Amino acid sequence: MYAHQRVERALRKAIAETQARGLLPRVELPGPVIERPQGRGHGDYSSSLPLKLARPMRKSPMDIAGLIAAEMPRDEAIGRVDVARPGFINFTLSPAWIAQQVDTILDSGPSFGNVNAGAGQRVQVEFVSVNPNGPIHVGHARGAVFGSALANVMEAAGYEVEREYYVNDGGNQMALFYRSLHARYLQALGRDAELPEGGYRGGYLVDFAREIVEEEGDRFLSMPDEEAVTGLGEVGLRKMIDLIRQDLRELRVEYDVWFIEQSLYSDGLFGKVAALLEESGYLTERDGAVWFRSTLLGDEKDKVFIRSNKAPTYFASDAAYHYNKLVTRGFDRVIDIWGADHQGNVPFMKAMMTALGLSQDRLDLLLYQLVTLRRGGETVRLATRAGELVTLKELVDEVGPDACRFFFLTRSPDSQMEFDLDLAAQQSKENPVYYVQYAHARICGIQKLAGERGIDHGDGRVLLLTHEAELDLLKKMLQLPELIEAMAANLSPHYLTSYSLELATLYHRFNDSCRVVSGAPEDLPVSKARLKLVAAARAVLARCLGLMLMDAPEQM
RNA sequence: GUCCCUGUAGCUCAGUGGAUAGAGCGGCUGCCUUCUAAGCAGCGGGUCGCGGGUUCGAAUCCUGCCAGGGACGCCA
């Protein structure tokens, strides 16, 4: 059982005991029971419950705190319980218990920090899902990093996670993409052809066309245009998905499922969902189109579901898609990560959940604010269809996946951010990611030295760890489970970055004040204990870096 | 006009209603014969956009205003 769980259990027990003895009235406990005090001198955990209970219990906070503190059961983890004005109860962990946790961490290995908040629920995280009509660009990197880190965090928190990319292979934009490819294909064969109005001008289509000519020759030339566009489109789509998959892989983003939008139509699910909505009266015809009546559910406007040309809208696909996720595949929870430019769809999607008879609690729509790009002192709005864009690949090639991931992960998805390309390489040198990785590499260096000197720390006695720097480092390590719990509850993987920095700071501080491998024979017992400590620290640092999908280098 | 996000140190940003608001970068001062100085210690730097409100307690919740970004399509 983790430290915070022990403290909470003991506190609840103490409260129940005071109530059972009639010292305090029975009232419901509000909110979180314990928290982490910010400053030093208030212990490792504290409870402000007495302040909150003062009113319902009709007693002074200090009296309540005193009564509860007096009933605190003995727990080897809890060294001290103090009452502090104006009504806090502060808990200080026992140094001996803290030291013993080194063994616990080493025994847990890579699973240290895992919690069971998810209780095995199946959750799907769908992210990036950019239309496959161009390479992933810098703006998408944010969603890719956020989504992949969140998926890892949810897994650590006890959810069964599936990572999914939704491939929109239909719609007007894709049609335009296919026609653009057709034009490039004709050009590649020396024919006179012009890109369609507003077509995709990116060089990747020129490359695709050349590859297709190399691989399949001019066989599309003899077909009627429409057939050629379709045929080329299939090949182009496959190439585009491969390219996207490859680019994302360089950012260490991998998926379990690539879900094809068209399959919703080919397997008949779309028709089923449309019929369901029709039956419950959520569809209506107007101006030749079929509308989803979201106004019935409190929205300001209705939304087109099937166009007057009989083609379903993106939104209609999305309705069937979410039905597939939550009903067909039966995920307990679904998390969609969208760019802020899709925010307008949030109310419609929520209304759709209700219309489909699904609880809104099962769907989280997370928005990340858009990234703007700064180049040559000028701010450029990112747009896929504009000619000039910076691809994800260019970014990763320039700053590396680690710095790139850390950079995006440091910011909360709610904050707008500006990416200064001119400073990217320079920033990467100053990127705090190296500070964290360096801590890991330093530990590896120590372990290497210990290995060379043949020191076996298996019998190291952790109770020898009493130095302030040792205990501070350990206490920070022990926070990992709480961190994972909080990140999963708030869907906020970005806490990892600050935590890793704090952990690395405490490691570097320890490294500076405590010598691990010593030449003096009388230091051997402490050396062994410290070797255990650094092994545990290495495990926790590696875990954090792993959750962020960053490298944990053995040397730098 | 309506809706969403943001406004915290010179810059980039953390901050899960609690006690004295933090980090990185930049600036200044020290510290390498010893496990990597990609490090450590210290100094300086704040009307948490502004005004009201709720609360024992507000950077955090509510509200009004100001500023920046985004969305309001039979595009995706």
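Hydrogens, waters and symmetry mates play no part in the numbers below; they use all other heavy atoms, side chains included. A, B, ... follow the sequence lines: proteins, then strands. Residue 1 opens every chain. In this text the structure is predicted, and so the values were computed from the model without any measurement.
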Any donor-acceptor pair, under 3.5 Å, between the side chain of Asn90(A) and the base of A19(B), if you only look at N and O atoms?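 In this structure, the two groups form a donor-acceptor pair.
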Spell out yes or no: do the side chain of Asn431(A) and the base of A38(B) have one donor N/O and one acceptor N/O closer than 3.5 Å?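 Donor-acceptor pair under 3.5 Å: no.
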Pairs satisfying side chain to side chain donor-acceptor pair (under 3.5 Å), at least one member in residues 287-300 of chain A, at least two apart: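 Those involving residues 287-300 of chain A are Thr295(A)-Asp302(A).
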Are the charged groups of Arg58(A) and Asp63(A) less than 4.0 angstrom apart, N to O?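 Looking at Arg58(A) and Asp63(A), the cut-off is not met.
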By nearest atom, which of the nucleotides [options] is closest to the [X] side chain?
| X | options | answer |
| --- | --- | --- |
| Ser498(A) | A14(B), U34(B), C74(B) | A14(B) |
| Asp341(A) | G69(B), U2(B), A71(B) | A71(B) |
| Gln38(A) | U2(B), A19(B), C35(B) | A19(B) |

Pairwise 5' ranking along RNA chain B for Asn131(A) and Ser46(A), keeping only the more 5' one: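 That would be Ser46(A).
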5' precedence on RNA chain B between Thr505(A) and Ile89(A) (nearest-nucleotide basis):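 It is Ile89(A), whose closest nucleotide lies nearer the 5' terminus.
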Taking the six-membered ring for Trp and the full ring for Phe, Tyr or His, determine whether the centres of Phe259(A) and Tyr165(A) are under 6.0 Å apart.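 They do not qualify: ring centres at least 6.0 Å apart.
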Using ring centroids (six-membered ring only for Trp), state whether Phe146(A) and Tyr368(A) fall under 6.0 Å.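 Not close enough - the centres of the two rings lie 6.0 Å or further apart.
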Is C61(B) in the syn or the anti form, by the rule that syn lies within 90° of 0?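 With its glycosidic angle more than 90° from zero, C61(B) counts as anti.
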Atom pairs, protein N/O to nucleotides 42-50 of chain B N/O, distance under 3.5 Å:
none

Main chain of Met550(A), side chain of Asp402(A): is a donor-acceptor contact present, judged purely on distance under 3.5 Å?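 Not at all, since once roles are kept as given, no pair shorter than 3.5 Å links the two residues.
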May I ask you to establish whether Arg80(A) and Phe91(A) are in a cation-pi arrangement, using a distance under 6.0 Å from NZ or CZ to the six-membered ring centre and at most 45° from the ring axis?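 Relative to the ring axis of Phe91(A), which defines the angle, Arg80(A) lies outside at least one limit.
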Validate the cation-pi geometry between Arg411(A) and Phe407(A): distance from NZ or CZ to the six-membered ring centre under 6.0 Å, angle to the ring axis within 45°.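 Yes, cation above the ring, under 6.0 Å and within 45°.
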In what stems does RNA chain B take part, counting only runs of at least 3 consecutive Watson-Crick or G-U pairs whose two distances fall under 3.5 Å?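 B:1-7 with B:66-72, B:10-13 with B:22-25, B:27-31 with B:39-43, B:49-53 with B:61-65 - these are the stems of 3 or more pairs that involve RNA chain B.
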On a heavy-atom basis, which atom in Pro481(A) and which in His4(A) lie closest, and how many Å separate them?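 Looks like CB-CE1, 4.2 Å.
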